[in-house]
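Whatever order the structure lists them in is the order used to number ligands and atoms, beginning at 1.
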Amino acid sequence: MATKALITGGAGFVGHHLARLLLENGCSVLVLDNFSVGKRENIASLMEHPDFDLTVTDLTDEKATAEAVAKFQPEVVFHLAAIHFIPYCNEHPTETIKNNVVGIQHLLEAVRNTPSVRRFVFASTADIYRQQDEPNLEDETPVGSFNIYGISKIFCENLTRYYLKICPDVTFVNARFFNIYGPGETNPHVLPDILGYLAESDTLPLGNVDPKRDYIYVTDVAEALWAMSASSTPSTEVNVGTGKEYSVRELVDCIAELTGRGLTITHDPAKFRRSERMHLVADIGKIRRLTGWVPKHSLKEGLAELLQDEGIIEDHRPAARSRIPEAA
Ligand SMILES: NC(=O)c1ccc[n+]([C@@H]2O[C@H](COP(=O)([O-])OP(=O)(O)OC[C@H]3O[C@@H](n4cnc5c(N)ncnc54)[C@H](O)[C@@H]3O)[C@@H](O)[C@H]2O)c1
């Protein structure tokens with residue numbers, strides 16, 4: 001029988017790619033979303049699928065959340081719903097804590113009362129790691145965040161560990177995502193920003209362009225989640241990244257190469273983030289050992305797919321050689 005998978009936040013950026021992947025793999029999928037950020041157009045093409053269903057519910061509504069979970073009886077729960085644009089979270093701490101922490105609490109309580117659930121996969125973040133220049137290891141890098149978003153996610157991870165004790169039949173995976181990019185991104189991160197400028201100009205007003213991040217293509221994230229849900233590993237934490245890091249300047253160089261355009265970066269002080277860390281990169285040895293998963297897209301391949309999806313380039317194949325240095 002088809003695996004029944006609940007995706008909270010399934011109308012969002014990562015969620016709708018995951019929903020498509022699960023349907024392709026024969027799952028029966030229920031998306032739960034309040035459409036605060038998620039878009040109906042993201043799931044429009046899935047609505048006709050016989051194994052897809054949608055419930056418009058807010059996780060801060062405990063009764064509605066309990067009813068949705070009890071009615072669907074999922075085997076796997078992917079909890080992706082959250083407020084996660086860091087500047088917004090810092091400006092709206094109460095809303096962020098209520099949405100992210102109270103939201104997962106209601107969901108976990110619903111899971112506790114629903115014996116069909118076997119696996120709970122939580123979308124955590126690399127932002128919970130303390131600053132360090134080296135690749136982050138799940139079981140070694142100290143955890144501790146200085147922004148409301150990261151703090152909310154640490155609290156959420158701790159809640160999953162508490163429920164692990166009281167729900168012995170459920171395994172919990174805290175999947176720590178690094179910087180995700182790809183088609184259908186909902187929040188105003190750097191790549192949607194750059195794509196917006198590219199439509200009109202070769203000049204890109206950006207904030208900090210030197211800090212390096214681990215950029216992972218969205219369908220690779222969906223495949224990592226699917227791999228973790230299908231594996232028989234006990235409860236654990238895993239990084240979901242590529243193990244390579246690039247600066248925004250290097251992203252722009254790669255886009256310039258793929259588009260054949262001479263792009264110029266200008267400094268926009270409004271986008272400057274004061275407490276920017278210089279490095280944030282994953283060690284992905286653990287998820288590879290547990291599941292065999294590795295990301296399929298290099299940065300250049302992912303950016304080429306994104307630019308094609310946006311109609312900015314027609315075909316990325318002729319741009320064969322990269323000037324982007326292979327990151328450590
Ligand atoms: N995108 C990234 O680079 C990134 C990096 C690290 C972690 N994450 C985490 O991955 C998850 C998915 O990220 P995304 O980029 O797809 O975000 P997104 O904002 O596109 O998707 C989140 C979805 O959750 C929904 N939602 C929010 N609060 C809700 C609530 N109370 N009830 C019901 N639905 C609600 C939104 O409408 C949206 O559709 C998030 O938990 C995020 O914190 C994302």
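Of the protein's non-hydrogen atoms, the one nearest atom 35 (C) of ligand 1 is N34 OD1, 3.1 Å. In terms of protein heavy-atom proximity, atom 31 (N) of ligand 1 is nearest to N99 OD1, 2.8 Å. When hydrogens are left out, the protein atom nearest atom 16 (O) of ligand 1 is V14 N, 2.8 Å; that is the closest non-hydrogen contact. The protein heavy atom nearest to atom 32 (N) of ligand 1 is L59 N, 3.0 Å. Of the protein's non-hydrogen atoms, the one nearest atom 18 (P) of ligand 1 is T186 OG1, 3.4 Å. Looking at atom 12 (C) of ligand 1, its nearest protein heavy atom turns out to be L80 O, 3.6 Å. Among all non-hydrogen protein atoms, the one lying nearest atom 17 (O) of ligand 1 is H84 NE2, 3.0 Å. The nearest protein atom to atom 21 (O) of ligand 1, hydrogens excluded, is given as G12 CA, 3.5 Å; this is a heavy-atom distance.
Atoms of ligand 1 found under 4.0 Å from any heavy atom of T57, numbered from 1 in the order shown, are 32 (N), 33 (C). Atoms of ligand 1 lying under 4.0 Å from at least one heavy atom of Y149, given by number and element, are 6 (C), 7 (C), 8 (N), 9 (C), 42 (C), 43 (O). Heavy-atom proximity to A123, at under 4.0 Å, picks out these atoms of ligand 1: 10 (O), 11 (C), 41 (O). Per-residue contacts place G38 under 4.0 angstrom from the following atoms of ligand 1 (heavy atoms of the residue considered): 36 (C), 37 (O), 38 (C), 39 (O). When each atom of ligand 1 is checked for a heavy atom of F178 under 4.0 Å away, the hits are 3 (O), 5 (C), 6 (C). Each of the following atoms of ligand 1 lies closer than 4.0 Å to a heavy atom of F35: 37 (O). Taking a cut-off of under 4.0 Å to the non-hydrogen atoms of A11, the atoms of ligand 1 that pass are 39 (O).
In terms of polar-atom proximity, G15 is not counted as a contact of ligand 1, lacking any N or O under 3.5 Å from an N or O of the ligand. Taking distance alone, with nitrogen or oxygen atoms compared against 3.5 Å, N179 stays at or beyond that limit from ligand 1. At a 3.5 angstrom cut-off on N or O pairs, I180 counts as close to ligand 1. For the pair F13 and ligand 1, the shortest N or O to N or O distance falls below 3.5 Å. Taking distance alone, with nitrogen or oxygen atoms compared against 3.5 Å, T125 stays at or beyond that limit from ligand 1. On a distance-only criterion, K153 and ligand 1 share at least one N/O pair closer than 3.5 Å. Below 3.5 Å of separation, one finds no N or O of A81 facing any N or O of ligand 1.
Each of H279, E250, R213 was compared with E245 under the side-chain contact (heavy atoms from CB on, under 4.5 Å) criterion, and only H279 meets it.
Using 4.0 Å as the threshold, S36 has a heavy atom nearer than that to some atom of ligand 1. Residue contact check for ligand 1: N42 places no non-hydrogen atom closer than 4.0 Å to it. Contact annotation: G10 has no heavy atom less than 4.0 Å from any atom of ligand 1. Close to ligand 1: D58, with a non-hydrogen atom less than 4.0 angstrom away. At least one heavy atom of D33 sits under 4.0 Å from some atom of ligand 1.
Note on ring orientation: taking the six-membered ring where Trp is involved, the planes of H267 and F272 are perpendicular (angle over 60°, cut-offs 30° and 60°). Aromatic ring orientation, Y217 versus H297: tilted (interplanar angle from 30° to 60°). Aromatic ring orientation, Y88 versus H92: parallel (interplanar angle below 30°, classes split at 30° and 60°).
Ring centroids of F178 and Y215 are separated by 6.0 Å or more, keeping the two rings apart.
The distance from atom CG of D193 to atom CG of L198, rounded to the nearest 0.5 Å, is 10.0 Å. Once rounded to the nearest 0.5 Å, the distance linking OH of Y197 with CD1 of I265 reads 12.0 Å. Distance check, rounded to the nearest 0.5 Å: CG of L225 to CG of D220 gives 11.0 Å.
With a heavy-atom cut-off of 4.0 Å, A126 does not touch ligand 1 at all. Of the heavy atoms in V37, both backbone and side-chain atoms come closer than 4.0 Å to ligand 1. If you look at T8 next to ligand 1, there are no close heavy atoms at all, none under 4.0 Å.
Shortest non-hydrogen contact noted between L23 and L46 is CD1-CD2, 4.1 Å.
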Q: List the steps and the verdict of salt bridge (charged side-chain N to carboxylate O under 4.0 Å, His left out) for E67 and K63.
A: CA-CA 6 Å; E67 283 171 1; K63 188 162 172 280; 3.2 Å; yes
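Ion pairing of R40 with D33 is absent here, as no side-chain N (NZ or NE/NH1/NH2) approaches a carboxylate O to less than 4.0 Å.
Both V29 and L18 belong to a common hydrophobic cluster when Ile, Leu, Val, Met, Phe, Trp and Tyr are linked at side-chain heavy-atom distances under 4.5 angstrom. The hydrophobic cluster containing V69 also contains L59, counting ILVMFWY residues as joined when their side-chain heavy atoms lie under 4.5 angstrom apart, directly or transitively. Cluster membership for L22 and I43, using ILVMFWY side-chain heavy atoms within less than 4.5 angstrom, is shared.
For K286 and T236, the side-chain atoms include at least one donor-acceptor pair closer than 3.5 Å. A donor atom on one side chain and an acceptor atom on the other are found under 3.5 Å apart for T8 and H79. Counting only N and O atoms by type, the side chains of T233 and R119 include a donor and acceptor under 3.5 Å apart.
Although no hydrogens or angles enter the test, the distance criterion places no donor-acceptor pair under 3.5 Å between the side chain of E257 and the main chain of G260.
When Y215, Y181, F177 are ranked by how near their heavy atoms come to atom 10 (O) of ligand 1, first place goes to F177.
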